[in-house]
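Start at 1 with the first residue, then count along the sequence.
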Amino acid sequence: MLPVISHTHLSSPAIDPSVLVAYCDPHDLVAIATENVVVVYRINGQVAFTVKPSKDFFRVQDDAKLAATALAWKQDGKLLACGWNDGSYGLYSGENGRLISHGWLSGRGQSPTAGNRLDDQTDLDGAVVTCFSWMRHDGQSSAPSQPTVSADELDTEAWFAREDGSDADDNSGAALINEQLRPHGHATIEKLARSIVTLDVTTVFPKLSALPSHGLRVGSSSVDGGKFASQAQTDLAFESVVKAGAADDVDALLIYASDGGVEVFMDAIVPVGTRKIHDRPICAAAHAKSFSHAILSRDHDRHLHLCHMDLPLQTLGSPLLYVVSQNTKRIQSLLAYVSQTCDCMVHDFRTGLQFPDRLIANAQTELEEKQEGDLIMNLYHLAMTTDFTPTMLEWLIDIVKETNHKRWDQAVNSLYTHIQTHLFMHFRPGLERLSIATTTLRGHARFHEGSTNFDVPPGPFTKLLDAIDSLGIVAEKMLLMIIDEHKQFKAFSKWLRVMIEIGVAGPGTKGAIETEERENPNIEYSLVLEYIERTMTRSRLARHLQAEPTNTEDRSAEDILALQCSASTAEPYTLIQLDQSLSAQPAIHTFSESFRPGQLHIGGRKGKRVCVVFGNDGKEWLVLDLDAKKGDVDKDAEMAG
């Protein structure tokens with residue numbers, strides 16, 4: 001008997017153990033769909049995390065109606081793909097189950113709102129995801145092998161051999177380059193061109209810092225907010241593929257719908273095309289060395305068929321598409337990063353003023369009841385004359401006092417410090433990287449304008465760059481405001497502490513006079529009066545950090561949230577038009593009723609593409625030749641287990 005590692009009893013049975021159970025080999029995790037939640041277990045039976053879709057992002061308001069329709073792990077275990085019965089699907093972190101990305105089979109990339117979310121009576125019998133197919137294809141697997149030059153054989157010394165500008169000779173740089181390239185033909189030139197195109201200048205930039213979790217709020221930004229909670233997660237979100245040959249690989253995700261629709265994505269989030277097959281997909285398989293995805297489908301008569309879809313790896317693995325894919329992912333991540341930075345600044349601004357606002361509101365109420373004017377007038381009078389009214393003396397001694405003054409001072413100092421840190425370390429660096437990625441895509445859009453290779457006009461990128469420049473100006477303006485207001489508050493806080501000490505000692509007493517004579521030379525009254533008059537009850541930062549501006553004078557508040565709004569409502573583009581290149585073949589094999597397929601595997605046999613089909617509970621398997629031409633004699637080998 002083999003030793004039992006674990007034996008787990010499920011509180012709720014799996015919906016369909018044959019389909020809705022997925023095993024992650026790199027991390028030894030098992031995902032099981034039970035009713036309206038997906039539970040991920042460790043190999044020892046402990047629950048690692050659960051995946052339960054929130055109604056804020058999905059089209060049903062009753063979570064009890066949500067149920068999984070498909071599960072699949074990415075090969076490296078970093079992502080878990082889940083399809084739901086409302087036609088939506090989500091990509092979840094393999095570490096903690098956090099939602100990374102979400103979409104719908106209809107209206108891909110558009111988030112549901114209160115106006116288009118399905119209600120409790122909505123029919124959920126439309127197209128749903130039936131299976132996923134992850135595969136990182138070797139982009140050079142289908143290309144003929146060519147000699148390449150190693151780093152030791154071709155170096156950069158030849159480029160600088162002609163520093164004196166002399167004519168080319170046997171020892172010149174041109175001669176050295178030609179000598180090194182001659183045995184290898186054009187392969188090295190192509191490799192050099194690819195290296196230049198895929199050059200990523202952001203790799204020399206300092207890493208973006210992690211964002212505090214207090215900026216995460218329920219709403220459009222909460223999908224991506226957790227991506228930047230730690231430095232490791234932030235680095236992962238902005239990682240750049242720098243390994244040799246990595247740009248040649250094609251990281252493909254195929255999503256199969258019950259109506260026969262197939263959506264193809266690169267890097268999980270970049271759409272590259274759609275196709276349609278005639279029957280309902282059941283399962284799919286692929287191999288890293290093959291450009292085909294095998295699809296097992298069932299027709300209305302419940303007959304099983306096998307077809308395959310060929311991906312144009314030479315096109316998908318091109319430098320252009322690699323650059324587009326990487327920069328599109330980077331723009332989406334940076335939009336989320338900048339958006340959450342805005343949330344953090346708004347949160348710090350509101351929480352930093354909560355306690356001071358309560359103290360100010362208390363004084364305003366007392367003064368209004370006694371008809372003694374407002375707080376600004378009374379504090380201004382106190383600063384100019386040092387004449388305490390009974391109401392102000394009571395407020396300073398009993399309400400503000402020393403303990404609350406320390407809390408006031410700490411809250412406002414933290415407010416300005418945190419917002420300044422966000423602007424310097426998060427907001428402006430994020431805008432700089434966003435500008436680089438957008439400029440790169442705009443350059444390709446201009447170069448390929450009018451062609452189908454990059455079917456997006458330069459206009460949207462220009463508008464985004466204009467918005468980035470505007471936000472950069474707003475950030476500079478806010479930094480100047482922070483420096484100015486923080487200096488004013490420090491002077492005001494010092495003066496307020498002196499007034500509290502004088503009030504406690506008693507105005508006119510010897511102790512009060514000594515305190516006033518000792519502290520007055522250190523107080524900048526011009527800054528104190530300016531803070532009381534202009535900043536105390538209405539900071540200039542408020543017009544930039546209000547989530548909902550109330551009049552046209554607060555337009556800059558809309559500017560600072562422009563990226564967040566555009567990320568959730570912008571019309572999506574399919575950056576690369578590959579629909580004509582995605583070859584969806586008709587059914588190439590119909591299984592007999594005596595053979596019940598269970599699993600598919602794509603492989604190679606003497607240079608040919610083959611599909612291995614296991615069926616009849618593992619008792620039989622078929623090997624089908626995917627390269628067989630139409631009309632050829634069926635050469636599929638059938639073997640009994």
[X] versus [Y], closest heavy-atom pair with distance:
{"X": "Tyr92", "Y": "Cys82", "value": "CE1-CB, 3.8 Å"}
{"X": "Val38", "Y": "Ala31", "value": "CG1-CB, 4.2 Å"}
{"X": "Ala505", "Y": "Ala512", "value": "CB-N, 4.0 Å"}
{"X": "Cys342", "Y": "Phe427", "value": "SG-CE1, 3.7 Å"}
{"X": "Ser209", "Y": "Met425", "value": "OG-CE, 3.4 Å"}
{"X": "Ala336", "Y": "Phe228", "value": "C-CE1, 3.8 Å"}

Partner set under salt bridge (Lys or Arg N to Asp or Glu O under 4.0 Å) for [X], not counting sequence neighbours:
{"X": "Lys207", "answer": "Asp235"}
{"X": "Glu516", "answer": "none"}
{"X": "Glu402", "answer": "Lys406"}

Would a 4.5 Å heavy-atom cut-off, applied to side chains only, mark [X] and [Y] as touching?
{"X": "Leu464", "Y": "Arg442", "answer": "no"}
{"X": "Ile513", "Y": "Glu517", "answer": "yes"}
{"X": "Glu449", "Y": "Pro458", "answer": "yes"}
{"X": "Gln364", "Y": "Asp374", "answer": "yes"}
{"X": "Glu394", "Y": "Pro390", "answer": "no"}
{"X": "Phe205", "Y": "Ile436", "answer": "yes"}
{"X": "Leu541", "Y": "Met345", "answer": "no"}
{"X": "Ile331", "Y": "Thr438", "answer": "yes"}

Derivation and outcome, side-chain contact (heavy atoms from CB on, under 4.5 Å), residues Ile397 and Phe388: CA-CA 11 Å; Ile397 296 176; Phe388 289 83; over 6 Å; no
Counterpart residues, side chain to side chain donor-acceptor pair (under 3.5 Å), relative to [X] (two or more places apart):
{"X": "Lys78", "answer": "none"}
{"X": "Tyr525", "answer": "Asn520"}
{"X": "Glu519", "answer": "none"}
{"X": "Glu366", "answer": "none"}

Do any pairs count as a side-chain hydrogen bond (donor to acceptor under 3.5 Å, both in side chains) and have a residue in residues 352-363, sequence neighbours left out, and if so which ones?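 Output for this query is empty, none listed.
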Rounded distance [0.5 Å steps], [atom1] in [X] versus [atom2] in [Y]:
{"X": "Gln326", "Y": "Leu441", "atom1": "CD", "atom2": "CG", "answer": "11.0 Å"}
{"X": "Arg98", "Y": "Asn96", "atom1": "CZ", "atom2": "CG", "answer": "5.5 Å"}
{"X": "Phe355", "Y": "Gln410", "atom1": "CZ", "atom2": "CD", "answer": "10.5 Å"}
{"X": "Leu105", "Y": "Thr274", "atom1": "CG", "atom2": "OG1", "answer": "11.5 Å"}
{"X": "Asn327", "Y": "Lys329", "atom1": "CG", "atom2": "NZ", "answer": "11.5 Å"}
{"X": "Ile468", "Y": "Thr439", "atom1": "CD1", "atom2": "OG1", "answer": "7.0 Å"}

Pair Leu396-Leu382, side-chain contact (heavy atoms from CB on, under 4.5 Å): steps then yes or no: CA-CA 12 Å; Leu396 289 172; Leu382 179 61; 3.9 Å; yes
For the backbone of [Y] and the side chain of [X], can you confirm whether one donor and one acceptor N or O come within less than 3.5 Å of each other?
{"X": "Trp395", "Y": "Leu359", "result": "yes"}
{"X": "Glu263", "Y": "Ile255", "result": "no"}
{"X": "Arg433", "Y": "Pro429", "result": "yes"}
{"X": "Asp348", "Y": "Ile419", "result": "no"}
{"X": "Thr421", "Y": "Thr417", "result": "yes"}

Aromatic contact between Phe238 and Tyr337, with the criterion being ring centroids under 6.0 Å apart: yes or no?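 Aromatic pair counts; centres sit under 6.0 Å.
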Check residues 471-493 and write down every donor-acceptor pair under 3.5 Å in which the side-chain atom is one partner and the other belongs to a residue at least two apart or another chain.
{"residue": "Glu476", "atom": "OE2", "partner": "Arg428", "partner atom": "NE", "Å": "3.4"}
{"residue": "Glu476", "atom": "OE2", "partner": "Arg428", "partner atom": "NH2", "Å": "2.9"}
{"residue": "Asp484", "atom": "OD1", "partner": "Gln488", "partner atom": "NE2", "Å": "3.4"}
{"residue": "Asp484", "atom": "OD2", "partner": "Arg540", "partner atom": "NH2", "Å": "2.9"}
{"residue": "Glu485", "atom": "OE1", "partner": "Tyr416", "partner atom": "OH", "Å": "2.9"}
{"residue": "Glu485", "atom": "OE1", "partner": "Ser539", "partner atom": "OG", "Å": "2.7"}
{"residue": "Glu485", "atom": "OE2", "partner": "Ser539", "partner atom": "OG", "Å": "3.3"}
{"residue": "Glu485", "atom": "OE2", "partner": "Arg540", "partner atom": "N", "Å": "2.9"}
{"residue": "His486", "atom": "NE2", "partner": "Asn413", "partner atom": "OD1", "Å": "2.8"}
{"residue": "Gln488", "atom": "OE1", "partner": "Thr535", "partner atom": "OG1", "Å": "2.9"}
{"residue": "Gln488", "atom": "NE2", "partner": "Glu530", "partner atom": "OE2", "Å": "3.4"}
{"residue": "Ser493", "atom": "OG", "partner": "His405", "partner atom": "NE2", "Å": "3.2"}
{"residue": "Ser493", "atom": "OG", "partner": "Asp409", "partner atom": "OD1", "Å": "2.7"}

Considering residues at least two apart in sequence or located in another chain, which fulfil the side-chain contact (heavy atoms from CB on, under 4.5 Å) criterion with Asn378?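 Partners of Asn378 under the side-chain contact (heavy atoms from CB on, under 4.5 Å) test: Leu367, Thr389, Met392.
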Run the side-chain contact (heavy atoms from CB on, under 4.5 Å) test against Ala361 and tell me which residues pass, sequence neighbours left out.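 Ala361 satisfies side-chain contact (heavy atoms from CB on, under 4.5 Å) with no other residue.
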Assess whether side-chain contact (heavy atoms from CB on, under 4.5 Å) is satisfied between Leu529 and Met384, documenting all intermediate values. CA-CA 9 Å; Leu529 296 176; Met384 294 293 294; 3.6 Å; yes
Does a sphere of radius 6.0 Å around CZ in Arg497 hold more than 12 heavy atoms from other residues, nucleotides or ligands, not counting ones at 6.0 Å or beyond?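 Count over threshold, so yes.
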Which residue pairs pass the salt bridge (charged side-chain N to carboxylate O under 4.0 Å, His left out) test when at least one of the two sits in residues 375-389, sequence neighbours left out?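 Non-adjacent pairs meeting salt bridge (charged side-chain N to carboxylate O under 4.0 Å, His left out): zero.
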Apply side-chain contact (heavy atoms from CB on, under 4.5 Å) to the pair Lys510 and Glu514, showing each step before the final yes or no. CA-CA 6 Å; Lys510 182 179 179 181; Glu514 291 177 353; 3.3 Å; yes
